[in-house]
Protein chains: 2
Amino acid sequence: MEGPVAPLSDGGARKRVTIEDMAQALGLTKSTVSRAMNGYPDISEATRLRVTRMAEKMSYRPLSHAQAIKTGRTRSLGLVLQLSDHDAQRPFLAEFLAGLSEGASAEGWTLTVAASDSHAAMIDTFRALLRDGKADGFVLPRAMSDDPRVRLLRAEGVPFVLFGRHKNAEGCAWFDVLGEEAMRDAVRHLAGLGHRRIGFINGGMKYMYAPLRAEGFAAGMREAGLEIDAGLMRQDAMTLQDGAAAAEAILDHPAPPTAIVCAVDFAALGVYRAAEARGLAIGRDLSVTGYDGIPEGLHAQPPLTTFAVDNRAAGAALSTLLIRRIRGESPDALRQTTRATFIDRGSTGPA
Amino acid sequence: MEGPVAPLSDGGARKRVTIEDMAQALGLTKSTVSRAMNGYPDISEATRLRVTRMAEKMSYRPLSHAQAIKTGRTRSLGLVLQLSDHDAQRPFLAEFLAGLSEGASAEGWTLTVAASDSHAAMIDTFRALLRDGKADGFVLPRAMSDDPRVRLLRAEGVPFVLFGRHKNAEGCAWFDVLGEEAMRDAVRHLAGLGHRRIGFINGGMKYMYAPLRAEGFAAGMREAGLEIDAGLMRQDAMTLQDGAAAAEAILDHPAPPTAIVCAVDFAALGVYRAAEARGLAIGRDLSVTGYDGIPEGLHAQPPLTTFAVDNRAAGAALSTLLIRRIRGESPDALRQTTRATFIDRGSTGPA
DNA sequence: TTGGAAACCGAAACCGGTTTCGGCAAGAGA
DNA sequence: TCTCTTGCCGAAACCGGTTTCGGTTTCCAA
């Protein structure tokens, strides 16, 4: 039923190869082996080579928790999820985790995940993980403008890397997707289709990305020579419901827009609903753009024109950056950005 | 901008309290302290009490990786995500992780997460985690009928716990939600509304849950004295698209059903789409029930009648079970099930 | 009173590494 | 030729725990 079963446990047969085994095989002492593997300068290049070769051959890898007892570092990255945050990050979580795990395991690191409901609990979670040496550094998703996590980790001198930029760059490494560029491109795209009154529905203002995207939208409007009407702008819309409500308000404007740029895909789908309720056909009577690239957008009617974020790549980049940070590189050298990719589907059309 | 910053790092000031500190404070040796904390029989009840009290007072907790070097156990649970699996588990992932983390940290354990694309890579991932002692046991989501993970872990003698039941119970601990009961209740509910021709759209047959739910559906039909028509049944529908396709096929039947029971919410939403395309009003012309309790169901038009699974509770239960399993309890005592809760919304109506 | 078994704790080895320190040999400068 | 470095490695201490092994006391029965 379960197929043939391998030899059965190990029975103490095949044991892990230790540094002592290495030393024995090489005719050296374990201290020499250790220093060779850790790049100490008082080891000749010749023996270092012998050691690394032998390590390869015997497939020796130091036990991370054995070294941790002396070094304090476990070769593991920490991730603390905040649950009260709206489902915004949910759809991407799997890809994001995959990326993180990928980047970590490429260097022989692992990922330790914890979750907490409240902000206070989250700080305690960080403390507990640090206290027990369960993580050598942290990935902080969703950078916020006043971020308690950043305060804590800075104060404790613990390495971290943000997903999202931060005002106060001091000591901050980060990876981010240039959402403002996407917003600008969205406006440009719509303006190119002849739209002149364009609305904007932004995401949660407590996050760093929101002001940036607003800025990008504004820049796009200026470049296109279009007037920015505050009556056509809403914010803090991160769910479909929020988006629908925002769209209702905007469409109630005496001079409603012919297109709406959304900072979040879910909000864009909310616009679909509001439009439907008014008998407006998306892509014909009302153009909409989103941002994120959620799968639901692809299967909406019509499919949502949006900017896709590669969350897996982001995760991989973040873990790589964090590892480098933990290894001591300066945070100033550890800031990367990328762009979202425009996906022109069916939700935009000529004005 | 960031607020006042605490003392700065620790500067070596406050250090972790070690077992030696405990020994000193108690006038004992560290060996005694250790044995007291680990429940050795050669420690008097009096000193054990003194030790545990002092541990509480000094908030002493042994460093998990320090003990790991001797015991081999790290107090961490492993979770390996399979990415190629369709997005089925995605929406629940956050809650599921939260539950796992919750259950783990309640006992002072942590969660190590890894991801892999292919089946082969997944096995390697398990091996790597085991080899480096990064996990003492594993949570296996989505039990499959012939599960390579189970084979591997059984062979290696590594503790694990399944989310989902397994045919061959030997050595298997598990937690599961009784999907078959939900399917039966769904049929009963529909039969009570007067439906006599009821279709069934099942999920992925490679998973253990699918045959069970089919069985539950069949049982419900028998109990209601209704005829089971194979022409009204489809399987392997785990996405909205799959569900729509299955519904199309079923509705093409010369004697189409007036209700369809779905084993997966996403498939039920696919039924919505198929019905819409034919001008059938859900809840009036065609009744539909789902299973899972995804948020999209709540906001569908009309809201989806379904059975909600508490994935957070499931996660918490699983980690608790796994910890007990790792501590040596027999798997036979570690099998729990619960029921999904029926949520009667708007997608069912009288025949 | 004595001998033996429990009961209980200390001493020391060990786990798998890292890091400090000291010493030997070869090479360089005088 | 003799010292002084330098280069290179071994010896040993250490990290924070666990576990084995003895060695005292105390209790109890003989």
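Since we're looking at a predicted model, the values are computed, not measured. In what follows, chains carry the letters A, B, and so on, assigned in the order in which the sequence lines appear, proteins first and then strands, with residues in each chain numbered from 1.
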Stacked cation flag A:Arg75 on A:Trp109, 6.0 angstrom / 45 deg
no
Cationic N near anionic O, under 4.0 Å, B:Glu107 to B:Arg327:
yes
NZ/NE/NH1/NH2 to OD/OE distance under 4.0 Å, A:Lys134 and A:Asp132:
no
Using a 4.0 Å heavy-atom cut-off, does [X] contact any base of the nucleic acid, only the sugar-phosphate backbone, or nothing at all?
| X | answer |
| --- | --- |
| A:Gly133 | nothing |
| A:Ser31 | base |
| B:Ser34 | base |

Taking the minimum atom-to-atom distance to the side chain of [X], which one of [options] wins?
| X | options | answer |
| --- | --- | --- |
| B:Ile43 | D:dG10, C:dG16, C:dC9 | C:dC9 |
| B:Thr71 | D:dT18, C:dG16, D:dG16 | D:dT18 |
| A:Thr47 | C:dC15, C:dG17, D:dC9 | D:dC9 |

Candidates A:Phe92, A:Phe96, A:Trp174 - the one meeting ring pair (Phe, Tyr, Trp, His ring centres under 6.0 Å) with A:Phe163
A:Phe96
Could you check whether the side chain of [X] and the base of [N] have a donor-acceptor pair of N or O atoms closer than 3.5 Å, going by distance alone?
| X | N | result |
| --- | --- | --- |
| B:Lys30 | D:dG17 | yes |
| B:Arg35 | C:dG10 | yes |
| B:Asp42 | C:dC8 | no |
| B:Thr29 | C:dA11 | no |

Expressed as a whole number of angstroms, how long is the span from [X]:[atom1] to [N]:[atom2]?
| X | N | atom1 | atom2 | value |
| --- | --- | --- | --- | --- |
| A:Met37 | C:dG17 | CE | C1' | 12 Å |
| A:Glu45 | D:dC9 | CD | P | 11 Å |
| B:Leu28 | C:dC8 | CG | P | 14 Å |
| B:Arg73 | D:dT19 | CZ | C1' | 14 Å |
| B:Lys70 | C:dC15 | NZ | P | 6 Å |

5′-ward residue of the pair B:Ala66/B:Thr32 relative to DNA chain C:
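Upstream on the strand: B:Thr32.
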Kindly say if B:Ser44 contacts the phosphate of C:dC9, meaning a side-chain N or O under 4.0 Å from OP1 or OP2.
yes
Does C:dG17 have OP1 or OP2 sitting under 4.0 Å from an N or O in the side chain of A:Tyr60?
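So the side-chain polar atoms of A:Tyr60 do come within 4.0 Å of the phosphate oxygens OP1 or OP2 of C:dG17, strictly under.
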More than 12 heavy atoms of other groups within 6.0 Å of A:Arg165 CZ:
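Buried by this count: over 12 neighbours within 6.0 Å.
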